[in-house]
Number of protein chains: 2
Amino acid sequence: MAIFSKTCEYAIRAVLYIAHKSTLGIKVGIKDIAAGIDSPELYLAKILQDLSRKGLINSVKGPNGGFYISDTSLARPLSDIVEAVDGNALFTGCALGLKQCSAVNPCPLHNQFKAIRDQIYQVLNVNTIGTFNEELVNGILSLKK
Amino acid sequence: MAIFSKTCEYAIRAVLYIAHKSTLGIKVGIKDIAAGIDSPELYLAKILQDLSRKGLINSVKGPNGGFYISDTSLARPLSDIVEAVDGNALFTGCALGLKQCSAVNPCPLHNQFKAIRDQIYQVLNVNTIGTFNEELVNGILSLKK
DNA sequence: TGAACAAAAGATAAAAATGTCTTTTAATAA
DNA sequence: TTATTAAAAGACATTTTTATCTTTTGTTCA
């Protein structure tokens with residue numbers, strides 16, 4: 001299994017793609033985004049609808065319409081995307097799936113995975129949606145392949 | 001999403017349960033294990049069949065039969081269970097699902113998640129199946145609830 | 001206004017993960 | 001050697017995830 005669901009992988013890649021275009025002042029259509037991150041177009045449309053409803057990204061319909069990201073959203077951490085799509089199980093759940101796992105009733109991996117979960121959260125919380133724009137413009141970073 | 005699949009959560013909990021009973025010289029039946037780790041009995045049976053085929057655990061049929069774990073298997077790392085059930089995507093895969101993500105063609109999260117993947121692998125590799133037996137006997141650690 | 005465009009929404013489909021049921025095989029003990 | 005026990009195996013069912021198709025809504029521009 002991967003760390004994130006496929007849906008969440010698409011979501012993060014798409015949001016970073018939109019962010020990168022937004023800093024260039026460009027609104028992007030779903031077709032463009034799907035091609036830019038190599039994802040199924042119609043499935044991605046559903047995901048972006050959801051993110052749009054949740055206020056993480058913006059969209060306008062019609063000619064010259066498309067998706068974009070506001071400056072305030074550019075400053076939001078990646079953990080917001082993950083939480084919106086996959087929930088917070090990755091940050092708070094027990095590695096072995098126990099409902100009542102905690103410091104006083106720990107599963108065998110409780111302490112060691114607490115550290116891992118914290119590190120995952122930290123990485124996703126420190127990095128904002130806009131963090132990678134420059135390197136995306138430079139082509140140093142990849143969102144497809 | 002959780003770190004491990006539900007199947008893998010059950011697998012780890014079951015193997016640790018069997019290990020703990022094995023050090024007490026007891027073979028355990030599927031019913032006992034399912035109750036001991038609070039999992040669906042028939043689904044767990046499938047999982048254990050698979051682990052048995054792969055040599056991670058042992059079983060004998062018939063009266064006084066059941067599952068047990070050899071001393072050599074007790075020394076195997078938890079990562080062996082995870083690899084057998086969930087594969088190695090967690091240890092080696094790209095966080096954003098890119099097939100060709102690497103140091104020379106990195107996704108935005110490549111470096112930071114490399115550290116996370118390594119830490120996950122390390123925790124699962126350092127801890128063996130037998131590591132927790134004493135605390136399981138003492139009741140300090142939980143495998144259910 | 002109305003024609004064209006593009007996202008939103010709703011319905012449906014396919015695939016994968018999770019869970020259950022039934023029959024078979026192998027071991028034990030009477 | 002036969003009855004009983006318990007895992008193995010195979011088939012089936014359900015749920016969730018992933019993916020697609022169609023219709024609707026809202027926007028722009030001629």
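Throughout, a chain's letter reflects where its sequence line sits, starting with A, and its residues are numbered from 1.
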According to a hydrophobic-cluster definition based on side-chain heavy atoms being under 4.5 Å apart (Ile, Leu, Val, Met, Phe, Trp, Tyr only), do [X] and [Y] belong together?
X	Y	answer
A:Ile12	A:Val126	no
A:Val28	A:Ile37	yes
B:Ile116	A:Met1	no

[X] [atom1] to [N] [atom2], straight-line distance once rounded to whole Å:
X	N	atom1	atom2	result
B:Ile47	D:dA7	CD1	P	15 Å
A:Phe67	D:dT27	CZ	P	14 Å
A:Asp86	D:dT16	CG	C1'	13 Å
A:Phe4	D:dT18	CZ	P	13 Å
B:Asn64	D:dA7	CG	C1'	14 Å

Between A:Gly65 and A:Cys8, just flag the one whose closest nucleotide in DNA chain D comes earlier from the 5' side. A:Cys8
By nearest heavy atom, map A:Lys61 and A:Lys6 onto DNA chain D; which one lands nearer the 5' end? A:Lys6
Contact summary for A:Phe113 and B:Val123, nearest pair of heavy atoms: CE1-CG1, 4.0 Å
Shortest non-hydrogen contact from B:Ala14 to B:Leu44? CB-CD1, 3.8 Å
[X]: what forms a side chain to side chain donor-acceptor pair (under 3.5 Å) with it, not counting sequence neighbours?
X	value
B:Arg76	B:Asp80
A:Ser79	A:Asn125
A:Lys144	none

Using a strict heavy-atom distance below 4.0 Å, which residues from residues 26-44 of chain A are in contact with DNA chain C? A:Val28, A:Gly29, A:Ile30
Close approaches to DNA chain C from residues 9-16 of chain A, in residue order (heavy atom, under 4.0 Å): none
Can you spot which of A:Leu78, A:Ile57, A:Ile33 makes a side chain to side chain contact (heavy atoms under 4.5 Å, CB included) with A:Val15? A:Ile57
Please list residues of residues 50-59 of chain B whose heavy atoms come under 4.0 Å from any atom in DNA chain D, ordered by number; otherwise none. B:Ser52, B:Arg53, B:Ser59
Let me know, please, whether A:Gly62 or B:Pro63 comes out on the 5' side of the other along DNA chain C by nearest nucleotide. A:Gly62
Mind checking side chain to side chain contact (heavy atoms under 4.5 Å, CB included) for [X] and listing every partner two or more places apart, or none if nothing turns up?
X	answer
A:Val60	A:Lys27, A:Tyr68
B:Thr131	B:Asn127, B:Thr128
B:Pro40	B:Tyr10, B:Tyr43

ring-ring contact (aromatic ring centres under 6.0 Å, His included) pairs touching residues 73-98 of chain A, sequence neighbours excluded, are A:Phe91-A:Tyr121
Distance-only donor-acceptor pairs under 3.5 Å for side chains of residues 98-108 of chain A, two or more places apart:
residue, atom, partner, partner atom, Å
A:Ser102, OG, A:Val104, N, 3.4
A:Ser102, OG, A:Asn105, N, 3.3
A:Asn105, ND2, A:Gln100, O, 3.2

Going 5' to 3' on DNA chain C, which nucleotide is the first and which the last to come under 4.0 Å of a heavy atom in chain B? C:dT18 to C:dA29
If you check every side-chain atom of A:Lys46, which of D:dT28, D:dC21, D:dA9 has the closest atom? D:dC21
